[in-house]
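Please read the structure below before turning to the comments.
The first residue of the sequence shown is numbered 1, and numbering continues consecutively from there.
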Amino acid sequence: MSVAAARGGSSPCLGAAAAAASCSSAGSSYAAPAGGGAGVAGRLPVRVLEHIFSYLELSDLMRCSLVSWHWNNILGDENSEVWRSLSSRTLSDEALRSDILCNLPTYKGKLKAFQHALSSHDCSRNVYVKKNGFTLHRNPIAQSTDGARGKIGFTEGRHAWEIWWEGPLGTVAVIGIATKRAAMQCQGYVALLGSDDQSWGWNLVDNNLLHNGEVNGNFPQCNNAPKYQ
């Protein structure tokens, strides 16, 4: 399942950040050697290892964290030079200056948010992700409902996303989860997420929880933004 958002009607922007998610190397397993060492490399000073790690990409760092307790502890410092260096290489200046990343206290947290943001490659042709890497904008296309999925999907576990919806809600405004088979565009103004058995959707306009084309209650009970006029 991936976090997804869909809307029809007017064209506000949508920001997304990962509030809590797990990094993993899907489809692979790595066995850590017994004890806390990793040969000669395990006995290198922390500053030397940090310098070496600062040249690696995220997938490599995830593997390194499983090599030994020593390496795991080094990479456990989420504001170390390792994560700062990777952030500077991965994230644009515009992304780092965005409200979403400014509110995250660690470099590793910023990278996680970027890794789990909405995808610019798995979305309707009528939407695009802005240069900050987080804000989804929908072009003003009449009689169309459009959406986007997150960059990374999950098959198990509990995960949370924080979604900021800016501007009026429009005719249809839905966020939720969806499989890869769920449609990200359709004609007309309909609740795209929750319209079939491939997704669950929360309609922000009327607080309806949707699945398989049916209303499954009202959740949560709260005061939402004013409806589109």
Could you tell me which non-hydrogen atom of [X] sits nearest to which non-hydrogen atom of [Y], and how far apart they are?
X: Leu101; Y: Ala95; result: CD1-O, 3.2 Å
X: Ile175; Y: Leu193; result: C-CD1, 3.8 Å
X: His159; Y: Glu156; result: NE2-O, 2.9 Å
X: Phe134; Y: Val129; result: N-CG1, 3.9 Å
X: Arg149; Y: Lys180; result: NH2-O, 3.4 Å
X: Ala178; Y: Ser199; result: CB-CB, 3.8 Å

- Query: Would you say the side-chain atoms of Ser80 pair up with the backbone N or O of Asp77, donor to acceptor, closer than 3.5 Å?
  - Reply: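 Confirmed, Ser80 side chain pairs with Asp77 backbone.
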Answer with yes or no whether the side chains of [Y] and [X] bring together a donor and an acceptor at under 3.5 Å.
X: Thr179; Y: Gln198; value: yes
X: Gln185; Y: Thr145; value: no
X: Asn126; Y: Asp146; value: yes

- Task: Could you walk me through whether Arg89 and Glu57 pass salt bridge (Lys or Arg N to Asp or Glu O under 4.0 Å), step by step?
- Result: CA-CA 9 Å; Arg89 298 198 312 271; Glu57 298 303 319; 3.4 Å; yes
>> Let's go through Phe53 and Trp71 carefully: what are the C-alpha distance in whole Å and the side-chain angles of both, what is the deciding distance for side-chain contact (heavy atoms from CB on, under 4.5 Å) to 0.1 Å, and is it a yes or a no?
In response: CA-CA 10 Å; Phe53 290 157; Trp71 287 19; 3.7 Å; yes
Is there a side-chain contact between Ser144 and Arg138 (heavy atoms, below 4.5 Å)?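 The answer is yes; the side chains approach within 4.5 Å.
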Is any NZ, NE, NH1 or NH2 atom of the basic residue among Arg97 and Glu94 found under 4.0 Å from an Asp or Glu carboxylate oxygen of the other?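 Here Arg97 does not pair with Glu94 in a salt bridge, since their nearest N and O are not under 4.0 Å apart.
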ask   = When clusters are formed from ILVMFWY side-chain contacts under 4.5 Å, directly or step by step, what else is grouped with Val215?
value =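 Traced through the cluster, Val215 reaches Leu210.
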Open item on the list: Check whether Tyr107 forms a cation-pi arrangement with Lys112 (NZ or CZ under 6.0 Å from the six-membered ring centre, at most 45° off the ring normal).
Closed with: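 No; the conditions do not both hold, so Lys112 does not lie above the ring face of Tyr107.
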